[in-house]
Peer 1: 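The following block contains the structure, expressed as structure tokens.
To find a chain, count down the sequence lines: A is the first, B the second, and so on, and within it residues start at 1. These numbers were taken from a predicted model, which means no experiment stands behind them.
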2 protein chains.
Amino acid sequence: MSTAPTSPPSADRPRRRARRGEGERTREEILAAAEALLARSGSEDAVSIRAVADAVGVTPPSIYRHFPDKAHLIFEVCARRFEEMDRHVVSPILAADLDPVDAIVELGRAYVRFGLAHPEHYRLMFMVNADHSPELYAEGDVVDGGSLGRIVVLLQHAIDAGRIRPEAGDAVVLTYVLWAALHGIVSLAIGRPNLPGPSVDEQVDAMIDAVLHGIVVPPPAGSP
Amino acid sequence: MSTAPTSPPSADRPRRRARRGEGERTREEILAAAEALLARSGSEDAVSIRAVADAVGVTPPSIYRHFPDKAHLIFEVCARRFEEMDRHVVSPILAADLDPVDAIVELGRAYVRFGLAHPEHYRLMFMVNADHSPELYAEGDVVDGGSLGRIVVLLQHAIDAGRIRPEAGDAVVLTYVLWAALHGIVSLAIGRPNLPGPSVDEQVDAMIDAVLHGIVVPPPAGSP
DNA sequence: GGCGTTCACGTAACAGCGCTAACTCAACGC
DNA sequence: GCGTTGAGTTAGCGCTGTTACGTGAACGCC
């Protein structure tokens, strides 16, 4: 209401200045404030540099002592969520030593659940214009260094076990196909939530069935 | 370099004021200028209200005489491109009276080509936060009123012709599955162009093969 | 104990953004 | 001639990300 347009940071406590080595703690506070703003509002628009600074209790330019620009801050917030998914969702499934095909199905369902549970994180990770900060989204980052490589291994195991048609493609291609198929469902659900189509669960079930078994009537047995 | 910060519109011709009935022509010029800025820059950032107004030769507030806000302007630019795709890409394939499964494959390839040819249009259509203008992305719009409904019919024909396994799902669900699968490839290619995965063509081929024939080894003939 | 350095900020400000209120000016119907 | 209306202007608000520059405290070092 009557907040002055230019006022000292309005965090609750007066926030005494951090000492020499304590810069890392402020950095974590900035990340936490940005995460809170993003999660509660569900929109990147709410995560302005000024809003983050105000929540932490510092002035906007102080953010730039810890992050080169806003894109790096936002990216780190999202990357941490995806690392969390890797630890708490993907790793347990891979460690459960399931049948390879069952593990693929479980991973797919868990991935969609994660995306729908954190739509704005997901959108910022995979649905923005990557030109804004190309080096963040280059190879060797969260995606490749995280779950994806281990899923390629899982696919290779399924191929080696004779569970997958060899003509379907190698493990890398199939991993990307599976990922893209599920990403399509998540991305469409996030970007166009009001579409009159089938429910996400229905789409996931049908997609998994289609990719695993195909939709067309198989040729009569014995044909090339 | 030395452009004054506030100057009269810098379009080439002095642009005489439109007469009473000529408002629609200005509206078209605004749309054309926005389309040109979007296509040439490849980024929504370049399509600011001020940039569009300057290209047309009017002042920024004049835009709002023809469009309620920026989102509506951008949306109309993108919607026109998609209508163009419907007329020049989808309709010819549907009119060619191909084998239903072949038509599905052709439509899928054409859809991916279109998305990669107009990445920013595609991103603005399907990969932005729809909260910004919900009524634009509601049901009955370009997607549903355009190609999608006719593809459901195509799928139904394929089902009626016995070309598709009945357990795979009904025509609506399968249409969404096909759309989501291809959208996943396009969306990933646009949002993360530097990923070290297989090429888009390879992904499309593998995806079509997977969805049509499945990736897992089929059960021995005669099992339930 | 003084001193230069460096970290961790704050102050002030810039350029640009979407958008609005209020005005002007010409064309039209009556 | 006159009120109305369509088309467009000027001026400006509040916001954004970001930068240049100053400040004050803590540190190593002589």
Peer 1: Starting at CZ of B:F67 and ending at P of D:dA7, how long is that distance when rounded to a whole Å?
Peer 2: 13 Å
Peer 1: In whole Å, what is the span from the CD1 atom of B:I49 to the C1' atom of C:dC17?
Peer 2: 10 Å
Peer 1: Rounding to a whole Å, what distance do you find between A:I63:CD1 and D:dT16:C1'?
Peer 2: 14 Å
Peer 1: Is A:V58 close to A:E29 at the side-chain level, that is, under 4.5 Å between some pair of heavy atoms?
Peer 2: no
Peer 1: B:S48 near the nucleic acid: base, sugar-phosphate alone, or nothing, with a heavy-atom cut-off under 4.0 Å?
Peer 2: sugar-phosphate
Peer 1: What integer distance in Å separates A:L73:CG from D:dT18:P?
Peer 2: 10 Å
Peer 1: Is a salt bridge present between A:E28 and A:R80, judged by a nitrogen-to-oxygen distance below 4.0 Å?
Peer 2: yes
Peer 1: When the distance from CZ of B:R50 to C1' of D:dA11 is rounded to whole Å, what number comes out?
Peer 2: 12 Å
Peer 1: Rounded to the nearest angstrom, tell me the gap between atom CD in A:E29 and atom C1' in C:dC9.
Peer 2: 14 Å
Peer 1: Distance from A:E44 atom CD to A:L37 atom CG, nearest 0.5 Å?
Peer 2: 12.0 Å
Peer 1: Considering residues at least two apart in sequence or located in another chain, which fulfil the side chain to side chain donor-acceptor pair (under 3.5 Å) criterion with B:H121?
Peer 2: B:E35
Peer 1: So which protein N/O to nucleotides 19-21 of chain D N/O distances come out below 3.5 Å?
Peer 2:
none

Peer 1: For a quick test of reading the model: is some side-chain N or O of B:H66 closer than 4.0 Å to OP1 or OP2 of D:dG6?
Peer 2: no
Peer 1: Name all residues meeting the ring-ring contact (aromatic ring centres under 6.0 Å, His included) criterion together with A:F114; count only those two or more places apart in sequence or in a different chain, and write none if there are none.
Peer 2: A:F82, A:H118
Peer 1: Could you please name the option among D:dG17, C:dT11, D:dT9 that lies closest to any side-chain atom of A:T59?
Peer 2: C:dT11
Peer 1: B:Y176 vs B:H183, test: side chain to side chain donor-acceptor pair (under 3.5 Å). Steps then yes/no.
Peer 2: CA-CA 10 Å; B:Y176 269 81; B:H183 166 73; over 6 Å; no
Peer 1: Return whichever of A:A71 or B:S62 has its heavy-atom-nearest nucleotide of DNA chain D closer to the 5' end.
Peer 2: B:S62
Peer 1: Expressed in angstrom and rounded to an integer, what is the separation of B:R25 atom CZ from D:dG8 atom C1'?
Peer 2: 15 Å
Peer 1: Using whole Å, report how far CG of B:D69 lies from P of C:dC17.
Peer 2: 17 Å
Peer 1: Between B:E84 and B:R87, is there a salt bridge with N-O shorter than 4.0 Å?
Peer 2: no
